Structure formats: structure tokens, C-alpha cells
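Heavy-atom basis, side chains included; hydrogens, waters and symmetry copies ignored. Since we're looking at a predicted model, the values are computed, not measured. Numbering of residues begins at 1 and proceeds along the displayed sequence.
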Amino acid sequence: MTTHRLLHSRALLFGGVLTLLFAAAAGWPGAAWAAEPVETLREALKIQITGVKPDLKLAKKRLDKIDEAIKQLKETSSIGELRRAYFLKEWEPHFLLPQPLPVLPKHAEIGDLLKGAIEKAAADPKDPTRPNHPTVLLALCIQIAEMADSEETAEMTKRQKFTRRLDKVILSLARRDKVAKTPQMLTVRQAALHALGKITPDPIVAFEVLQETLQNDPEIGPRRLAAYAVSDLAKNSRLLGRKDILKTIELAVGAAAVGLKDQDEAVRGYSLQGIAEAAKAFKDFVGFPLEPLVDEGKKAVLDDVKSVLKTFQAANPRIVAALADKERINVRLAAVQTLDQIGQARLNLVLNLDAENRDKPGKVLDDYSAPDPFENVLPRDAKKAGDWQAFTQLLYDSDVRLRRGGIDLLELLRDGATPAAGHMATALRDADLFVRWSAARTVRNIDPKNVDAGAISALNQLLKDRDSNLSKAAAEAIEKLGPVAAGSVDTLGEIIANTGADNGSWDVESRVAAMKALAAIGKPAYRVLPRLVEVMTDADVRVRREAAYTIGRFGTIDEPSLEKTALAALTKALGDEDAEVRQNASEAILNIAAKR
């Protein structure tokens, strides 16, 4: 990745020099004279004609000044001047305000002039004496890439991205079989591939060139830039319409999967980045869809969504294989990040389809006939082991970044992480706080009958951790496990009481979470009922509320002396200054009486 950034910085520096060379080759006039039409245009655009009765004379004056500037621009045919004129920020208000005389067609006219000047400069480059020498072509590619970067998202809501209109120029310079095979033209082709990722062209045509380059190009430079362009195209897909967004995502994943077979580390790294960007784009698309994702009549995701999911599914084995690249830590980290993005996109789709069953993503996807992008990872079929072991192996890696990535992936799987239950004790005892924290959250999604005593013992240790987030996460995991975690009762009681020798400075949230865990465990938790009675007079009202509510959830108390003590505390709480405490205490008394 560092190599690419260095090359990119050099390219930008070189690009500045080449722009000056291009200025000389094209015979640009002096700066003072060249700025005049742009300044004339800028001043004209600043004239705003608004109101119920607009000043038509002023509007005519504005239009005349714009025409004057365009006339000068036609005479110079300077790409630099035309570019500055087209991208003046003073055009922006005119896209929002009603215009009594046509202004926007003038903007389009300048765009046509700029497009024509670029196409002329990009004509046959064989004659080195002509201005379309390879140096000029390289400058053109850099210029187009910079223009594409400067076009803001806000602009795209009002008009098509201008540089997309230059796709034929860039595609012609990016094709290996169409460009002269010289060292100079190799540089041009690389710059064209870089620009291709910026301009959001027709995805079908663009990815045809990129996949051909990744698959067959003998030169490493073009393959690297093609892989990077895949990432850019996926990132910029948000500027397109539904059809092109999904097609771009699908083709990006397919092209990047080809790049994952490359021998070069950078090509593989950029290819993983491309899939990650495609997954991000898909995550955003399904998270806030502007159009339907589902055919309600068939209760199935639409075909274009299904096609994208199948593409992710097909790429997964190669991404998982990258996790095992022991000699390339950057590739392994990129693979983890890519799988994480696919997992988040998968979860976003599930939330959109059936939020109530978010913890059972596999079932939801099956219900809507949606291909699971993790089909090759999860052992959904008893006859197929799946590649989920690749995730658990990360939990034992010496690199903490990989351990964090591995447990985060298992957490994203939700109930699909159940086969990894036997590895949870290891993650819960990890030296890294974030690994332990994610592991506690992961346990909540695992089928309780698969959680072993080692994991429960580790959760008990986390309950007593001085980090309140860890303590609370452990309590919430135990709550999900319920009666299986009966061995946690005494530790939960210690957290709840939090007084005297037991005081560990656990915060209120941890103590409340511990009470909820006790209630979920049920009858085995009776032995720490005195702890609940004890905190019925706690200084914090949240603790008093939860203690009364928890005692009420137990219902019948088998030991008469304990029942008598609990009822006495609850009766006293009927006079508490807080209404919710009083209500919870009265309900608890009624529950005990009813179940007796």
C-alpha cells in the first residue's frame, strides 16, 4: 500500500510538470490574458436575477457577458481555461434558482467545448511532432482524473458527472490492444486506468477493460492500477442510479476476485480493497434503499440484489484463502477488513428484510430466497464443514489486529458463530481488552447449550473487571445464557451488592445488568436474594428500581425466612420517594402472594 501512495505522490508531482508542458505545447497565452474570459464569466454569473418581477434588462446584460466570455473561450480553445470556466462555483446557485433567461444551456455549451478540446487533444498519438504526443496524453489523463476528483457529490444531485462524458477517451487509452506498446505509452495507459476509476463510466465497458488487464496484462504497473481502479469505481457507484449501482458492485467483486489470484502482493491487496469498497456500497444501498429490494408477491429479494449476493458468495473462498497468507500481514489484514464489510452488508440486508430476527441472519436470508454471501463460510449443510475455522484460527494469532478482526467477524455472524463456541473461552481471556469485549458480545448470539464451563468461568472473571463496559457485556452475555450460567450466581451477587469488602467500584449499569442476569438464570439465583434485599435501600434509584423488579420476577420464595425478609424490604419500598420503585415493589409483593 505504501508503494502505491509513493507512486501516486510522484504522479501528482509529475502531473503538475506535465500540465506546464502541455501549456507550452498547446500554445497557451500569458496568464493575465488567459484569465480574462473566466473572470468575465465569473462576474456575469454573480449577477442574480430573482423576485416576482425580475429585471429583464439586467438579465440580458448578464447573458451578453456570458456570451462574450464564451466567444473568447472558443477562440483560445484552451483546455485549462475551459475547465476553469466549466467548474466555476458561481454556476451553482443557477442550478437552484428559476432563470428568466437561459443560463444553464450556456454551461452545457462550455462543457461541450471542453469535451471537444479534450477529444481533439487525445487524437492519434503516433506523430511526436503533433500536440497529441504521449506526454500530452499523459497530461490529459492526469487532468481528467483531477477533474473527476474535484466534482463534488452535491453537484451530482443536479447534473451528470462531467468526466463521465470522457469515457471514450479514457477507455481508448487504457486498452492494451489499442495503444502503441512503447514505454511512454505504457505510462499513458497506467494513467488512463487510474482515471478510469474516477470518472464512473458505463460499468459494463469499464470492467471489461479492467478485468482483461488484471487477467492478461504482463506488466505489473497496469495490473496494480486496474485493481485500484476497481476500488474507485465501487466507491463512486453511489453517484449512479439503482441499475448501475448494483451492476458496478457486482462487476467490481468479480473483477477483484480475478486480481486475488495475482502473484503480486499489491494487486491482491488492492483487489481486497476493491471488494471491501463494493461491500460498503452494497451495505449503504440495502441499509437505506430508495427502491424496493423485495418482490413482495414472491417474498424474495429481487434478481439484481440476488445477483450481487451470489458474486460475493463466489468470491469468499479466495478472500478466506488470503487469511492464511502467513508471509503477507497486510494481505491478511485486508482480507479481515473485507470480510468484515461483507458481514456488515449481510447484516444490513437482514435488518431491512426482517429486523425482528436480526440475530438469525441465515434464517432470514433463507426466508427471502436470498443467497447468503457467507454460504461458503458457515456450516449450514451438515455435509459441508465450511470455512468458519479460518475465523477461529485468527483468535490464536500473535498479531492483536488479526485477533480483533477474527472475533469481530464471529460477532457479525450472530447465531452462525455457534460452531465456534469452543473457542470463546480463549477469546474471553485474551490479553487485549477489545478482543475480550467483542467475545462477550459474541457469546450472546451462541446457542446456550453449546457454551462450555470454560467460557462461563471466563465470563465470571470479566464480571469483576474494573472496566465497566467489560463487566456489563459479561452480565449481558450471562443473561442470554440463562440457567446454563448458574455457576455465575455468586459473582453476580457480588457485583450487585458492591459494598464493604466486595466494593469493586462497579458502576450502576453493570449492577443493573447483573440483576437482569440473575433473573434470567432463575431458581438457582435464590441463594443471593439477600443481596437484592440489601440494595433495596441503595442510594441510586436505578438500583432500587431494578432490585424490586428482579425480586418480583422470582415469584415464589421457598424459604419462609427469606420470603419474610424480602417482603419486609418490599413493604418498606412502598414508601419510597420514587414512583417506579413503589410500583415495582407492589408488583413484586403481588407476584409472591399470587405464586404462593
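- Ion pairing between D507 and R511 fails under the 4.0 Å rule for side-chain N and carboxylate O.
- In this structure, R242 places its CZ atom where more than 12 heavy-atom neighbours from other residues, nucleotides or ligands lie under 6.0 Å away.
- More than 12 heavy atoms of other residues, nucleotides or ligands shown are found within 6.0 angstrom of OH on Y526.
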* To do: Determine, step by step, whether L240 and K247 satisfy the side-chain contact (heavy atoms from CB on, under 4.5 Å) criterion, reporting the C-alpha distance in whole Å, the side-chain angles of both residues, the deciding distance to 0.1 Å, and the verdict.
  => CA-CA 10 Å; L240 306 175; K247 182 54 68 175; over 6 Å; no
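- Under a 4.0 Å N-O distance rule, the pair R544/D578 does not qualify as a salt bridge.
- Using a 4.0 Å cut-off between a side-chain N of Lys or Arg and a carboxylate O of Asp or Glu, E479 and R444 do not qualify as a salt bridge.
- Partner of D397 under the salt bridge (Lys or Arg N to Asp or Glu O under 4.0 Å) criterion, out of R404, R403, R332: R332 alone.
- Both cation-pi conditions hold for K299 and Y368: the charged atom is under 6.0 angstrom from the six-membered ring centre and inside a 45 degree cone around its axis.
- With hydrogens and angles left out, the side-chain atoms of S307 and E250 include a donor and acceptor closer than 3.5 Å.
- By the 4.0 Å N-to-carboxylate-O rule, E580 lies close enough to R545 to be salt-bridged with it.
- A salt bridge links D359 with R414: the distance from a Lys NZ or Arg NE/NH1/NH2 to an Asp or Glu carboxylate oxygen falls below 4.0 Å.
- Salt bridge present: K472 and E476 bring a charged side-chain N and a carboxylate O closer than 4.0 Å.
- Using a cutoff of 4.0 Å between basic side-chain nitrogens and carboxylate oxygens, R268 and D325 are scored as salt-bridged.
- Salt-bridge formation is detected for the pair R328/E265: a Lys NZ or Arg NE/NH1/NH2 atom is positioned less than 4.0 Å from an Asp or Glu carboxylate oxygen.
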